[in-house]
Amino acid sequence: MQQFIDSIEAAIQEATGLEAGSFKLEKPRNAAMGDFAFPCFLLAKRDKGNPAKIAGELAAKLNENFDGIEAIATGPYLNFKVRRTDLAKAILGDILGQGASFGNSKQGEGKTVVIDLSSPNIAKPMSVGHLRSTVIGAAIQRLHDKLGYKTVGINHIGDWGSQFGKLVAAVDRWGDTVDLEKDPIPSLLKLYVRYHEEEEGDPELQEAAREAFRELESGKDGHVRGIWRNLTELSMKEFDRTYARLNVTFDEVRGESYYEDHLDATVDRIVAAGVTEESQGALIVNLEQFGEHVPPCLLRKTDGTTLYATRDMAAVFHRHELYNFDRCLYVVGGDQRLHFQQLKHVLDRMDIDWESRVEHIDFGMLRLPEGKMSTRQGKVVFLEDVLDRAVEEARKIIDEKNPDLESAGEIAEMVGVGAVVFNDLKRERTKDIEFVWSEVLSFEGDTGPYVQYTHARLASILRKAEPGAMENADYACLEESSALLLTMGNFPAVLQRAATKAEPSEVTQYLLALAREVNSWIAANRVLGQEAPTTAARLQVVAAARQTINIGLGVLGVGAPDSM
RNA sequence: GCGCCCGUAGCUCAGCUGGAUAGAGUGUCCGCCUCCGAAGCGGAAGGUCACAGGUUCAAAUCCUGUCGGGCGUACCA
């Protein structure tokens, strides 16, 4: 499809003297007007003329040299219509010829993107909130993979910090009251909550927790570290189960604890850059130059221990040394905007030239109808429960509508999990989401299962077609199908925009629109049993649409079943 | 208090870097399984794009202010 855009743009440049890149073709208001549009306001301004008149004159001029493309002036717009058979042939040829690599690009060749995603905290259950970072981050990684970047997905596990002192002390004291092996996460959560409550009036507990974290930080490999290591392993085993269901893998799993040894060097490096100062007994980087309200970044507390920010500084230096990234994306909730701003400001003050390559890919918070989620108040929805219920629901629908379906269990898993993941990727990243069960468990309309269902229908038609039925197509019968063809042809551009903006919802929204078009096209265009050249042409549309949906769902990490 | 983000149909959301008559889904109402999958398709109703100014040939989109909501605001992560 790109070839049409290129030749139209080239012709406009030649006829008007506009420079390449100074204008962009748009999509006409409705498909009947044409395939591509060029608003003439820009020219009208330059030449102080009437845009409608300019459009008319330009149309006449361009049509002299066009072959297979027609320029039509409609008011101040200049619309272009490609010869239908050429359009169909080019787009279907592209998609079917490229197969699974349709949408691939070389734009990322030789470039590296580091993505920090998921990053749950040890000993806490994954809530639907963690789903967002995991699923958004994984989609962004796959998008970049598709565009030829080298990608490194990093799961930066929260396994360090003063709360682990409490946890270790709690396990030490009351570990035998729960079954850690069988039910690790809920048990740990219970212990943590109990410790939190009881230490209020018990200085001894407070001191025990502090002591435990001190020992942990000292690096001594003894009793405390043993407990901590065990907690970590138990939690990771649980997390891995969920990741497997979500179809997410990581290139690097590193706890914050990994940076223990890097902390002193990191602080030294920032001090050496001359940007630190002492304030109220703590070591800080003053950031007032970025705005009088920007609070300083704390590197060392009064007691000498480090903070989250220190560990993140260590991590970003480490990642840069290791990967020399072109983009370093942090897929972390919007509640941490200030933290990442500070991180970037510190890099900026240190005159680090790759500062602009570090991006906080923030996303909206997930709220329950009754308010903000809170683990301690029991106001959480656990991810496993959501997945289980969605799968259960999918199974119920399959039993009802398609009781003979083979491997119904696997497909129910694909559809249920797909519904949850798709739903999470549906809205613009930064928007807050209210978690409503009925919405997550809905399989109709703007949902993942709707797209999956469309895929299954297309696959079903292809299964029923005779071998070789796609040969000798008569593209003339696709006269009325050009809107759908253009949508499919636009897929590579959608992927590129989604990657640049780190915005998976561009893909979900695209797939919903495509599925909608496909479904009404199927209703209006009988494929099988037509005259052979007609069936052949329509089968190509079916195959191309199936292929495009399949790739799109793949990027999102949602399964594309051939039947469901 | 201050900073950042958000406000589009009853509800959930699209609307790309300003461009043609603001679009989907859901819910409500009506129609379609003797024809490739009804998790579907077609149709109806539903909008002062929070409000008020401004910039522009052109504003849901950019700027300012007001109101409403969310998040954050130095020794948690």
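First the proteins, then the strands, lettered A, B, ... as listed; each starts at 1.
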* Asked: Which of these nucleotides, B:G25, B:C57, B:U73, is closest to any side-chain atom of A:L338?
  -> B:U73

* Using a heavy-atom cut-off of under 4.0 Å over every strand shown, decide if A:P296 touches base, sugar-phosphate, or nothing. => base

* Asked: Below 4.0 angstrom from OP1 or OP2 of B:G37, is there any side-chain N or O of A:S460?
  -> yes

* Student check: side-chain heavy atoms of A:V451 and A:L553 closer than 4.5 Å -> yes

* From B:C36, B:A77, B:U73, pick the nucleotide closest to the side chain of A:Q336? -> B:A77

* Looking at the rings of A:H345 and A:F290, which for Trp means the six-membered one, are their centres under 6.0 Å apart? -> yes

* When the C1' atoms of B:A58 and B:U17 are considered, how many whole Å apart are they? -> 16 Å

* Report yes if at least one side-chain N or O of A:R427 is closer than 4.0 Å to OP1 or OP2 of B:C13; otherwise report no. => yes

* Could you measure between the two P atoms, the one in B:A45 and the one in B:A22, and give it in whole Å? => 15 Å

* Asked: What integer distance in Å separates A:L42:CG from B:U17:P?
  -> 17 Å

* In whole angstrom, give the distance that lies between atom CZ of A:F164 and atom P of B:A77. => 10 Å

* To do: Counting Watson-Crick and G-U wobble pairs only, both distances under 3.5 Å, name the nucleotide matched with B:G25, or none.
  => B:C11

* To do: Give a yes or no on whether a salt bridge exists between A:E207 and A:R214, defined as a side-chain N under 4.0 angstrom from a carboxylate O.
  => yes

* Asked: Is the shortest side-chain N/O distance from A:R311 to OP1 or OP2 of B:A77 below 4.0 Å?
  -> yes

* Asked: B:C57, B:G40, B:G25: which one has an atom nearest the side-chain heavy atoms of A:R516?
  -> B:G25

* Asked: When the aromatic ring centroids of A:Y450 and A:F443 are compared, is their separation below 6.0 Å?
  -> no

* To do: Say whether A:Y195 and A:Q206, considering side chains only, have a donor N or O and an acceptor N or O under 3.5 Å apart.
  => no

* Compare side-chain N and O positions of A:K301 against OP1 and OP2 of B:C76 and report whether any pair is under 4.0 Å apart. => yes

* To do: Whole angstrom is fine here: how far is it from CG in A:D562 over to P in B:C36?
  => 19 Å

* To do: Could you say whether A:K426 or A:S563 is positioned toward the 5' end of RNA chain B, judged by the nucleotide with the nearest heavy atom to each?
  => A:K426

* Any chance the rings of A:F38 and A:F80 have centres within less than 6.0 Å? -> no

* Going by an N to O cut-off under 4.0 Å, is there a salt bridge joining A:R300 and A:D264? -> yes

* Can you find a donor-acceptor N/O pair under 3.5 angstrom joining the side chain of A:T302 to the base of B:C75? -> yes

* Asked: Please, which pairs that meet salt bridge (charged side-chain N to carboxylate O under 4.0 Å, His left out) have at least one residue in residues 156-168 of chain A, sequence neighbours excluded?
  -> A:K166-A:E199

* Which residues within residues 275-290 of chain A lie with some heavy atom under 4.0 Å of an atom in RNA chain B? -> A:S279, A:Q280, A:A282, A:I284

* To do: Evaluate the side-chain proximity of A:I157 to A:Y258: yes if any heavy-atom separation is below 4.5 Å, no if none is.
  => no

* To do: Starting from P on B:A39, measure out to OH on A:Y453 and report it in whole angstrom.
  => 5 Å

* is_close_aromatic(A:Y330, A:F340), centroid dist under 6.0 Å -> yes

* Structure fact -> Winner on side-chain proximity to A:Q163, out of B:C41, B:G25, B:A77, is B:A77

* Please measure how far the P atom in B:A20 lies from the corresponding atom in B:C49, and state the result in whole Å. => 15 Å

* Identify which nucleotide among B:G70, B:U21, B:A20 has an atom closest to any side-chain atom of A:N30, counting heavy atoms from C-beta outward. => B:U21

* Name the one of A:E260, A:H262, A:E256 that satisfies side-chain hydrogen bond (donor to acceptor under 3.5 Å, both in side chains) with A:R311? -> A:E256

* Asked: Taking CD from A:E199 and C1' from B:C76, how many angstroms apart are they, rounded to a whole number?
  -> 13 Å

* **Strand partner of B:G31, provided both Watson-Crick or wobble distances fall under 3.5 Å** => B:C41

* **Nearest-angstrom distance, C1' atom, B:A60 to B:C13** => 14 Å

* Using a cut-off of less than 4.0 Å, is there contact between a side-chain N or O of A:K464 and OP1 or OP2 of B:G37? -> yes

* To do: Answer with base, sugar-phosphate or nothing: what part of the nucleic acid does A:D303 contact at a heavy-atom distance below 4.0 Å?
  => nothing

* Asked: Syn or anti: how is B:C29 classified when any glycosidic angle within 90° of 0 counts as syn?
  -> anti

* To do: Sticking with atom P, work out how far B:C41 lies from B:A59, rounded to a whole angstrom.
  => 36 Å

* Which listed nucleotide (B:A14, B:A77, B:A38) is nearest to the side chain of A:E256? -> B:A77

* To do: Can you tell me, in whole Å, how much space there is between the C1' of B:U8 and that of B:U61?
  => 11 Å

* Asked: Which sits closer to the 5' end of RNA chain B, A:W160 or A:D446, going by the nucleotide each is nearest to?
  -> A:D446

* According to a strict under-4.0 Å criterion, is A:S520 in side-chain N/O contact with OP1 or OP2 of B:G42? -> yes

* Describe the nucleic acid contact of A:A465 in one word from base, sugar-phosphate, nothing, applying a heavy-atom distance below 4.0 Å. => nothing

* Separation of the P atoms in B:G42 and B:G10, to the nearest angstrom -> 24 Å

* Asked: Which of these nucleotides, B:A14, B:C76, B:G40, is closest to any side-chain atom of A:Q509?
  -> B:A14

* Separation of B:C35 P from A:N525 CG (nearest whole Å) -> 18 Å

* Asked: Looking for any heavy atom pair under 4.0 Å, which part of the strands does A:P28 touch: base, sugar-phosphate only, or nothing?
  -> base

* Please give, in whole Å, the distance from B:C36 P to A:L458 CG? -> 15 Å

* Any idea which of B:C75, B:C6, B:G40 is nearest the A:K431 side chain? -> B:C6

* Asked: If the C1' atom of B:G7 is compared with that of B:C51, how far apart are they to the nearest Å?
  -> 11 Å

* Side chain of A:R337: nearest nucleotide among B:A77, B:A39, B:C5? -> B:C5

* Can you check whether A:M313 reaches A:L263 side chain to side chain, under 4.5 Å on heavy atoms? -> no

* Within the structure shown, what part of the strands sits under 4.0 Å from A:G75 by heavy-atom distance: base, sugar-phosphate, or nothing? -> nothing

* To do: Please determine, for the side chain of A:L298, which listed nucleotide (B:C75, B:A77, B:G37) has the closest atom?
  => B:C75

* To do: Ignoring backbone atoms, test whether A:Y450 places a side-chain nitrogen or oxygen under 4.0 Å from the OP1 or OP2 oxygen of B:C41.
  => yes

* To do: Ignoring backbone atoms, test whether A:R457 places a side-chain nitrogen or oxygen under 4.0 Å from the OP1 or OP2 oxygen of B:A38.
  => yes

* Structure fact -> Partner of B:C51 under the Watson-Crick or G-U wobble criteria, both distances under 3.5 Å, comes out as B:G65

* Asked: What's the CG-P distance between A:D432 and B:G69, to the nearest Å?
  -> 14 Å

* **Quiz item: A:D312 side-chain donor-acceptor pair to B:A77 base, under 3.5 Å** => no

* To do: Would you mind pulling out the nucleotide paired to B:G3, Watson-Crick or G-U wobble, both distances under 3.5 Å?
  => B:C71

